[in-house]
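What's counted below: heavy atoms across the whole structure, side chains too, no hydrogens, waters or symmetry copies. Chain A is the first sequence line, chain B the second, and so forth, proteins listed ahead of strands; every chain is numbered from 1.
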Amino acid sequence: MGAKFYTIGELARLSGQSVRRIRYYSDKGLLPSDRSAGNYRIYSETDAARLDLIRALREAGVGLAAIGKLIGRRLSLAEVLQARLAILETEIAARRRMAAVLRATLRLPNPADADLRRFWTMANRSNKDMHALVERFVERIAEGAAMDEEWRRRMIETSVPDLPDDPTPDQIAAWTELADMLEDEDFARDLKTEMAAFWTGAFDPAAYRDAALRTYEAAQAAIANGIPPQAAEAQAIAAAWLDDSARAMGREPDRAFLDWQFAQYEKQSGRMGRYRQLLAILRGENDSAEPDRVWAWLNDALRALPVPLK
DNA sequence: CTTCTTACA
DNA sequence: TGTAAGAA
């Protein structure tokens, strides 16, 4: 009794879709098409509901083929939606990246086509490519040095940047600058000399890492407590670092070693410091200057050590 | 007046 | 997908 039936025109009016389209769906088997005596297609209320479902799926971007499979129960709704969602999210990420590229370009004082090209190229360089870039870089600077595998692996791990799916313009710029640094011959050469100085036969990586970690934490705590680098407590931390690092490198904690430390610090706070900063930007760390502050404090404490040393 | 099919843009 | 044309 309550069963209501519609001609194609009626269904078109109440669904707000064209007669043509409904006919097309019927012919494709997406909608049942019972015929009346006069060969008119007739539709039920459940057919109207199905038509609404099809519209919703279509507007979600699901293709007619997938809808067909869903209706033929060869796919579940969850499967269809999951597949569509995966594609959608990929597209969204791609668009976000592109928007970030445009913003990064527009952020420049006077953007040129070369800038856009450059940002675009870099943003499209996959994380895998970047990983390869870092590996080649580490290979190059480790060449000749007796660096152990564990250390090398860790070095690569901590040096590989990761471009987020939804990067800010700053992150695009950081990503681009990092790639440049990795391809910079001078930078590589400097680091290589530095590595060679470290990796002598006497170097004990585990002890060095240990000392560095301990010192970093001690310095960080001291800074938090407002202790100045000249204070006795700071001097103790600095002296301990000098002893421990010298021992880990098979050297004496003398004046020469101290000077070498200063030189090391100058280099570290240069391009290496910039590298760390860029990595921090990519990780979205707001406090990217923290490590720099800690090492600067330690360097000041070292400078305040009584001269001459023993 | 409506729908059907087929063909075309 | 829209539109046209001739038939039912």
Rounded to whole Å, how long is the line connecting atom CD1 of A:Ile22 with atom P of B:dC4? 10 Å
Base C:dT1 to side chain A:Tyr24, donor-acceptor N/O within 3.5 Å cut-off: no
Is the NZ or CZ atom of A:Arg251 positioned over A:Trp260's six-membered ring, under 6.0 angstrom from the centre and within 45° of the axis? yes
Using whole Å, report how far CD1 of A:Ile8 lies from P of B:dC4. 5 Å
Lys/Arg cation over aromatic A:Tyr40: A:Arg35, 6.0 Å, 45° cone: no
Both A:Arg21 and A:Tyr40 contact DNA chain C. Which one's nearest nucleotide lies toward the 5' end? A:Arg21
Starting from P on C:dT1, measure out to CG on A:Asp27 and report it in whole angstrom. 13 Å
Given DNA chain B, 5'-ward residue of the pair A:Arg20 and A:Arg23, judged by closest heavy atom: A:Arg23
With the 4.5 Å side-chain cut-off for hydrophobic clustering, are A:Leu85 and A:Leu77 part of the same group? no
Closest approach to the side chain of A:Ser18, judged atom by atom: which nucleotide of B:dC4, C:dT1, C:dG2 is it? C:dG2
With a non-hydrogen cut-off below 4.0 angstrom, is A:Arg58 in contact with a base, only sugar-phosphate, or nothing? sugar-phosphate
What is the distance, rounded to the nearest whole Å, between atom CZ of A:Arg35 and atom C1' of B:dT3? 10 Å
Answer yes or no on whether A:Arg97 is positioned over the face of A:Trp120, meaning its NZ or CZ is under 6.0 Å from the six-membered ring centre and within 45° of the axis. no
I want to check one thing: is the phosphate of B:dT3, taken as OP1 and OP2, less than 4.0 Å away from some side-chain N or O of A:Thr7? yes
